[in-house]
Amino acid sequence: DAGVIQSPRHEVTEMGQEVTLRCKPISGHNSLFWYRQTMMRGLELLIYFNNNVPIDDSGMPEDRFSAKMPNASFSTLKIQPSEPRDSAVYFCASSLETSGRVANIQYFGAGTRLSVL
Amino acid sequence: SQQGEEDPQALSIQEGENATMNCSYKTSINNLQWYRQNSGRGLVHLILIRSNEREKHSGRLRVTLDTSKKSSSLLITASRAADTASYFCATDEFDTGTASKLTFGTGTRLQVTL
């Protein structure tokens with residue numbers, strides 16, 4: 001398996017532009033997570049999906065951020081309009097969630113480094 | 001807010017020495033995991049310890065968990081230069097009813113020099 005695949009790896013854009021980050025989870029995994037990592041705030045969970053349904057989006061910073069998962073093999077995180085403070089590394093992770101309170105190991109992609117000028 | 005706080009924030013040791021990192025958390029948990037992040041890469045799962053376990057080993061890794069103190073430690077024995085990375089603890093909160101949502105700590109940056 002190729003693991004979690006994110007694209008692009010690097011994105012440089014100007015303030016006000018729309019940015020779309022993409023993620024392909026590991027085949028067979030049923031949970032998908034979007035994180036943002038910065039030096040100041042560490043690793044923050046933005047949103048996660050289970051069986052393509054958004055379960056918790058309480059970490060999405062504001063309405064400029066939106067995420068979709070149209071099918072089990074693809075998800076997008078969109079920022080519109082982008083601002084310099086959105087500059088960060090965005091990670092996608094996937095896991096296979098089983099029933100009951102069993103911990104799920106998350107598998108991370110390599111991340112997208114976003115720079116908003 | 002961060003559920004886990006790692007200590008120390010940064011650690012520099014020589015190859016062959018042991019490295020110990022600590023994690024404290026705030027709420028009751030089901031399980032605690034440790035992840036490693038190499039520079040410019042995503043996080044990689046290292047080891048998981050359940051709330052009813054006190055110690056677990058995996059190769060050169062030893063993890064302890066003290067639920068009464070809400071703390072965990074990660075010991076890397078006989079460190080190597082390749083162990084240079086950031087290490088994060090992650091917890092799933094008991095009360096949320098779902099094991100999917102992990103909260104990551106602030107991380108310990110480990111530097112192993114030759």
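Letters A, B, ... mirror the listed sequences (proteins, then strands); counts begin at 1. The basis for the numbers below is simple: all heavy atoms, side chains too, and nothing from hydrogens, waters or symmetry mates. Keep in mind the model is a prediction, meaning the values are calculated, not measured.
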Is there a path of hydrophobic side-chain contacts, each under 4.5 Å between heavy atoms of I/L/V/M/F/W/Y residues, joining [Y] to [X]?
{"X": "Ile29(B)", "Y": "Leu74(B)", "result": "yes"}
{"X": "Tyr48(A)", "Y": "Val4(A)", "result": "yes"}
{"X": "Leu96(A)", "Y": "Phe74(A)", "result": "no"}
{"X": "Ile26(A)", "Y": "Ile105(A)", "result": "yes"}
{"X": "Leu65(B)", "Y": "Val63(B)", "result": "yes"}

Under 4.5 Å from a heavy atom of chain B, the part of Gln6(A) involved: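 For Gln6(A), there is no contact with chain B at all, as no heavy atom is under 4.5 Å.
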Residue-level interface, residues 35-47 of chain B with chain A, non-hydrogen cut-off under 4.5 Å: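 Residues of residues 35-47 of chain B touching chain A at under 4.5 Å: Tyr35(B), Gln37(B), Gly40(B), Arg41(B), Gly42(B), Leu43(B), His45(B).
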Contacts of residues 107-117 of chain A with chain B (heavy atom under 4.5 Å):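 Only Phe108(A), Gly109(A), Ala110(A) of residues 107-117 of chain A have a heavy atom under 4.5 Å from chain B.
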Residues 56-68 of chain A: residues contacting chain B (heavy atom under 4.5 Å, by number):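 Within residues 56-68 of chain A, near chain B: Asp56(A), Ser58(A).
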Closest contact, heavy atoms only, Asn104(A) versus Gln33(B):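 So the minimum-distance heavy-atom pair works out to O-NE2, 3.2 Å.
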Considering only distance and modelled atom types, tabulate donor-acceptor pairs under 3.5 Å from the side chains of residues 14-23 of chain B, sequence neighbours left out.
unit_1	atom_1	unit_2	atom_2	d
Glu15(B)	OE2	Ala81(B)	N	3.1
Glu17(B)	OE1	Gln14(B)	N	2.9
Asn18(B)	OD1	Ala78(B)	N	3.0

Residue Glu18(A) excluded, over 12 heavy atoms near CD under 6.0 Å: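 It does: Glu18(A) CD has more than 12 such atoms within range.
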Exceeds 12 heavy-atom contacts within 6.0 angstrom, atom CZ of Arg54(B):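 Enclosed: over 12 neighbouring heavy atoms sit under 6.0 Å from CZ of Arg54(B).
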Atom pair OH (Tyr35(A)) and CG (Leu102(B)), whose distance is rounded to the nearest 0.5 Å: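 Here the rounded value is 5.0 Å.
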Separation of Phe104(B) CZ from Gln37(A) CD (nearest 0.5 Å):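 One finds 10.0 Å between CD of Gln37(A) and CZ of Phe104(B).
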